[in-house]
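Note that ligands are numbered from 1 as they come in the structure, with each ligand's atoms numbered from 1 the same way. Both backbone and side-chain heavy atoms feed into the values below; hydrogens, waters and symmetry mates do not. One is the number of the first residue; the rest follow in order along the sequence.
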Amino acid sequence: MTNRQIFLNHVAQTIDTPLGIEIVRAEGIYLYGPDGEKYMDMISGISVSSLGHCHPAVVKAVQDQASKFMHLMVYGEYIYSPQVKLAQALAHILPKSLDNFYFVNSGTEATEGALKLAKRYTKRTEIVSCHQAYHGSTAGALSAMGSEDYKSAFRPLIPGHFHIQFNVEEDLNKITEKTAAVLIEVVQAESGIIVGNESYFYKLRQRCTELGVLLIFDEIQTGIGRTGSMFAFEQIGVVPDILLLGKALGGGMPIAAFIASKNVMQALSHHPILGHISTFGGNAVTCAAALAVVETLTHSTILSEVESKGQLLESELRNLGFTHIRRKGLMLGIDHGDQETNFAFIKKCVDNGLITDWFLFNTQTMRICPPLTITEAEISLFISKLQTLL
Ligand code: PMP
């Protein structure tokens, strides 16, 4: 059997039309196939490979740590260097109120942990999230998801979840003293890059503070540099009570985190003890990779160049005739007006070695989220390849 046949027969599929591209190697912004095919990865494995594929600092950190030890014990029992150093490095770049880290393995686990923490800390049961929001695929995160299309087949879900319209100030009245937490993205990613507005977030913060509601920012997709600052919330000047990170944090290794103050996080350590446990959370190898990511971003010019590269990409795309573009940093959505046109254009791109994609809740918009390390020359090359397709 060919690898393709094994893939189709034995690897679980979630769509009838998977991309189905075979990859044997990846480096920088490029993916390589078995017969020398070369693809530009303009989506970074859905905003994961922000430092590009196989960044040397991440590869070295993984190799060094793998040769020392990998797994020791479930989360939060032993003291070991890559984990505590990662916590220290993140504490250094976050506000003081976000200095306690629960490391997990995936974004949806970070969401689950945060929702449990908010309920436990506030002793309330209601969770408010936004229409068109994606926070993960497990039961709690799915309950918070803002799309009936994707969740109704899996009901009954967790009770007590309510939805408000993103960026709509009047809807903030639906947050009450029964609400444990508001779970929200700063830039709604899967609805096709909808940027949160500052005054809305300011009022949201005020309302949550007044009512004793915990504000959770899901920065799983926007965090770790994607929007041009380490965290998108820095640009709106509003600090959450709980922050979720994932995706780009591990530079390709599976690590995510929910982050709060020590005071809030302590709610998981009593009545009951072991309020949230994870076998692999905070695994030494993934922590070493994440530490390399944070250090690389902290000590390089990558972050400071995100906005100018985003601007260049956007203006070049506009020059090609794409007028409906939404952008934050190096997160771009090109609106094609309808799903058919969008899917056809994405297919043409992929067939010609340019990996782009659509958004879960916005099938008429094309996703462009390249590695943050993309060079200006690579942007020009992408644009010229795109031009030949038009
Ligand atoms: N939140 C957001 C904003 C996301 O974009 C994603 C993944 N697309 C998740 C949560 C879930 O992350 P994971 O797939 O790692 O569970």
Problem - Transitive ILVMFWY side-chain link L313 to L320, under 4.5 Å - result: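 Hydrophobic grouping puts L313 with L320.
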Exercise for the section: Give a yes or no on whether the ring-centroid distance for Y150 and F361 is below 6.0 angstrom. Expected result: yes
Practice task
Give a yes or no on whether the ring-centroid distance for F69 and Y78 is below 6.0 angstrom.
Solution key: no
Practice task
Mind running ring-ring contact (aromatic ring centres under 6.0 Å, His included) on H71 and F280 for me, showing each step along the way?
Solution key: CA-CA 7 Å; H71 176 79; F280 291 122; 5.6 Å; yes
Problem - H276 and F258 aromatic ring geometry - parallel, tilted or perpendicular at 30°/60° bounds - result: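 Plane angle over 60°, so perpendicular.
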Handout entry: Heavy-atom check, side chain of Y75 versus side chain of V104, under 4.5 Å
Key = no
Problem - Contact residues of ligand 1, where a non-hydrogen atom lies under 4.0 Å away - result: S106, G107, T108, Y134, H135, G136, E185, D218, I220, Q221, K247
